[in-house]
J.: 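Dropping the structure in here first, questions after.
Quantities reported herein were computed from a predicted structural model and do not represent experimental measurements. All residue numbers in this chain count up from 1 along the given sequence. Note: hydrogens, waters and symmetry copies are ignored here, and every other heavy atom, side chains too, is used.
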Amino acid sequence: MSVQPMVKAEAVHKSFGAAHILKGVDLEVAPREVFCLIGPSGSGKSTFLRCINHLEQINAGRLSVDGHLVGYREHDGKLYELKDREVAAKRRDIGMVFQRFNLFPHMTALENVMEGPVQVKREAKAVARERAKALLDRVGLADKAGNYPTQLSGGQQQRVAIARALAMEPKLMLFDEPTSALDPELVGDVLDVMRGLAEDGMTMIVVTHEMGFAREVGDALVFMDDGVVVESGHPRDVLSRPQHERTKSFLSKVL
C-alpha cells in the first residue's frame, strides 16, 4: 500500500513580474520525513517554502499538502482559488519558522506561544497556557516564560518561535533558514530542538545552510539552483558523492 505524500509538487512555477523564480519544481515529501533544501541564494528555496502554505500563489502546476490542493479547489478539471478564510483555515495545519523570529514584542514568551491557539482556535486560555508552558519546557526555555523578546538572545527567540508554531499542532513544519540570523554559538540549541522534533516524527521541510544537520538528521536532500531541482537523494549520498557539476561546485564552497 503506497503512503500518500505529505507534500507533493508537480511542475510548480512561480514568477514575480518578469522574474521566473520556480521553473517546474517536482518533488514529494513523505510523512515523518525530514526533507532538506539546499542551494545558493536566489535559487527559489524560500519562495517554494512560502508557496507550500500559500503565502505566495503559484502560477502553474499543482501543489498539495496531505492530499489537498494548496490554496485551490478543483472542479471539472479547473482550479479555483479558495477564499482567504478557507486558506487561513488550511494554513493552521502548517507551522512555519522564519529566519527572523517575528515574535510579538509586547508579549512575553508564554503569551507569544499562547496567542495562536487562543485567537485562531478559540482555545480556553487556561488550556493554552498549560500547553504553552509544556512547549517552552520542550524547547529548553521553561525559565524564560515571563521574559519579553528583547530580554532573550536570538537563539532563545527562535526557540520561542518554534514553540509558537508547534502550539497550533501542525502536521507539517516549514523552516526557512532558521539559524542563518543567529550568532554561531547559538545555532546548536536551535538545531537540537529540530533534532528532537525529527525524532518525534514531525514532517519537516528545512531550507538550510547547516550541512551537518542535513547529513545527520535529514532523510532526503534536494539541491536547487535557478528555480529547478538539480539533484536529489539521501543527504549523505548527495553531500559526499554529488553527481551534477553544479552541485559539486556549490558544495566545494560550503563544505
J.: Would you mind reporting whether D225 and T247 have side-chain heavy atoms less than 4.5 Å apart?
T.: no
J.: Could I get the full list of side-chain hydrogen bond (donor to acceptor under 3.5 Å, both in side chains) partners for D176, not counting sequence neighbours?
T.: S46
J.: Donor-acceptor check, side chain of T108 to backbone of E111, threshold 3.5 angstrom: yes or no?
T.: yes
J.: I need the D226 CG to R246 CZ distance, nearest 0.5 Å.
T.: 9.0 Å
J.: Side chain of K121, backbone of M168: donor and acceptor closer than 3.5 Å?
T.: yes
J.: Of the options L191, T179, V187, which is the one that meets F213 in a side-chain contact (heavy atoms from CB on, under 4.5 Å)?
T.: L191
J.: Output, in order, the C-alpha distance, side-chain angles, deciding distance and verdict of salt bridge (Lys or Arg N to Asp or Glu O under 4.0 Å) for R92 and E169.
T.: CA-CA 8 Å; R92 291 180 201 174; E169 300 180 303; over 6 Å; no
J.: Applying a strict under-4.5 Å side-chain criterion to I, L, V, M, F, W and Y, I'd like to know whether V29 and V206 cluster together.
T.: no
J.: Got a sec, which pairs hit side chain to side chain donor-acceptor pair (under 3.5 Å) with one end in residues 137-146, sequence neighbours left out?
T.: R138-D200
J.: Do T47 and E56 have a side chain donor and acceptor closer than 3.5 Å?
T.: no
J.: Give the cluster check for L63 versus L22: same hydrophobic cluster or not, with ILVMFWY residues linked at side-chain heavy-atom distances below 4.5 Å.
T.: yes
J.: Begin from the C-alpha positions of L197 and I162 and carry the test side chain to side chain contact (heavy atoms under 4.5 Å, CB included) through to its verdict.
T.: CA-CA 10 Å; L197 290 178; I162 293 172; 4.1 Å; yes
J.: Would you say K125 has more than 12 foreign heavy atoms packed within less than 6.0 Å of its NZ?
T.: no
J.: Within the side chain of R159, is there an N or O that forms a donor-acceptor pair under 3.5 Å with the backbone of V139?
T.: yes
J.: With the side chain counted from C-beta on, respond yes when E123 and R131 share a heavy-atom pair under 4.5 Å apart, and no when they do not.
T.: yes
J.: Could you report the tightest heavy-atom contact between P170 and A165, atom names first, then the distance?
T.: CD-O, 3.4 Å
J.: Please answer: with hydrophobic residues joined when any side-chain heavy atoms are less than 4.5 Å apart, are V193 and V34 in the same cluster?
T.: yes
J.: Please give me the minimum heavy-atom distance between G218 and P235, naming the atom from each residue.
T.: O-CG, 3.5 Å
J.: Roughly how far, to the nearest 0.5 Å, is OG of S64 from CD of Q4?
T.: 7.5 Å
J.: Dump the intermediate steps for side chain to side chain contact (heavy atoms under 4.5 Å, CB included) on L221 and H234, then the final yes or no.
T.: CA-CA 6 Å; L221 182 134; H234 190 278; over 6 Å; no
J.: By the side chain to side chain donor-acceptor pair (under 3.5 Å) test, which pairs, at least two apart or in different chains, include something from residues 93-105?
T.: Q99-S180
J.: Check step by step if side chain to side chain contact (heavy atoms under 4.5 Å, CB included) holds for V190 and L182.
T.: CA-CA 10 Å; V190 173; L182 302 179; 3.7 Å; yes
J.: Would you say the side chain of M224 lies within less than 4.5 Å of the side chain of V25, judging by non-hydrogen atoms?
T.: yes
J.: Is L255 reachable from V230 through a run of I, L, V, M, F, W or Y residues, each pair having side-chain heavy atoms under 4.5 Å apart?
T.: yes
J.: What is the minimum heavy-atom distance between L136 and A163, and which atoms define it?
T.: CD2-CB, 4.4 Å
J.: Using a 3.5 Å distance criterion without hydrogens, assess whether the side chain of K14 forms a donor-acceptor pair with backbone atoms of Q57.
T.: yes
J.: Atom CE in M6, atom CE in M204: separation rounded to 0.5 Å?
T.: 13.0 Å
J.: Hey, is E74 close enough to R62 for a salt bridge, meaning N to O under 4.0 Å?
T.: yes
J.: Which heavy atom of P149 sits nearest to which heavy atom of P105, and what is that distance?
T.: CD-O, 3.7 Å
J.: For the backbone of S15 and the side chain of N59, can you confirm whether one donor and one acceptor N or O come within less than 3.5 Å of each other?
T.: yes
J.: Is any side-chain heavy atom of R50 closer than 4.5 Å to a side-chain heavy atom of M96?
T.: yes
J.: Does NZ or CZ of K78 come closer than 6.0 Å to the centre of the six-membered ring of Y80, within 45° of the ring's axis?
T.: no
J.: What's the separation between atom SG in C36 and atom CZ in F223, rounded to the nearest 0.5 Å?
T.: 14.5 Å
J.: Hey, does L166 have a side-chain heavy atom less than 4.5 Å from the side chain of M202?
T.: yes
J.: Ignoring hydrogens and angles, tell me if any N or O in the side chain of Q158 forms a donor-acceptor pair with the backbone of F98 under 3.5 Å.
T.: yes
J.: Set out, in order, the CA-CA distance, both residues' side-chain angles and the distance that settles salt bridge (Lys or Arg N to Asp or Glu O under 4.0 Å) for E216 and R195, then state yes or no.
T.: CA-CA 9 Å; E216 293 165 41; R195 264 188 205 93; 3.2 Å; yes
J.: If every non-hydrogen atom of G155 is compared with every non-hydrogen atom of L186, which pair is closest and at what distance?
T.: N-CD1, 3.7 Å
J.: Should V160 and F101 be regarded as members of a common hydrophobic cluster, given that ILVMFWY residues are connected when their side-chain heavy atoms come within less than 4.5 Å of each other, either directly or indirectly?
T.: yes
J.: Given the rule in the side chain to side chain contact (heavy atoms under 4.5 Å, CB included) test, do V217 and M194 qualify, once you have shown the distances and angles that lead to the verdict?
T.: CA-CA 9 Å; V217 184; M194 293 168 65; over 6 Å; no
J.: Does S153 reach the main-chain N or O of Q156 with its side chain, forming a donor-acceptor pair under 3.5 Å?
T.: yes
J.: What's the separation between atom OG1 in T203 and atom CD1 in I94, rounded to the nearest 0.5 Å?
T.: 11.0 Å
J.: Looking at side-chain heavy atoms only, is the closest gap between F48 and L27 below 4.5 Å?
T.: yes
J.: Between the main-chain N or O of V238 and the side-chain N or O of R241, is there a donor-acceptor pair closer than 3.5 Å?
T.: no
J.: Are F16 and I21 packed together at the side-chain level, in the sense that at least one heavy-atom pair is separated by less than 4.5 angstrom?
T.: yes
J.: Would you please indicate yes or no on a ring centroid separation below 6.0 angstrom for Y148 and H106?
T.: no
J.: Determine yes or no for a side-chain-to-main-chain donor-acceptor pair under 3.5 angstrom, with R91 supplying the side chain and H54 the backbone.
T.: yes
J.: About how many Å separate NE2 of H244 and CD of E231, when rounded to the nearest 0.5 Å?
T.: 7.5 Å
J.: Could you go through S249 and K253, starting from their C-alpha distance and side-chain angles, then the distance that decides it, and tell me whether this counts as side chain to side chain donor-acceptor pair (under 3.5 Å)?
T.: CA-CA 7 Å; S249 170; K253 296 181 178 74; 3.1 Å; yes
J.: Under 4.5 Å between any side-chain heavy atoms of F35 and L37, yes or no?
T.: yes
J.: Give the minimum heavy-atom separation between V113 and P117, together with the two atoms involved.
T.: O-CD, 3.5 Å
J.: Quick one: does H209's side chain have a donor or acceptor within less than 3.5 Å of a partner on M211's backbone?
T.: no
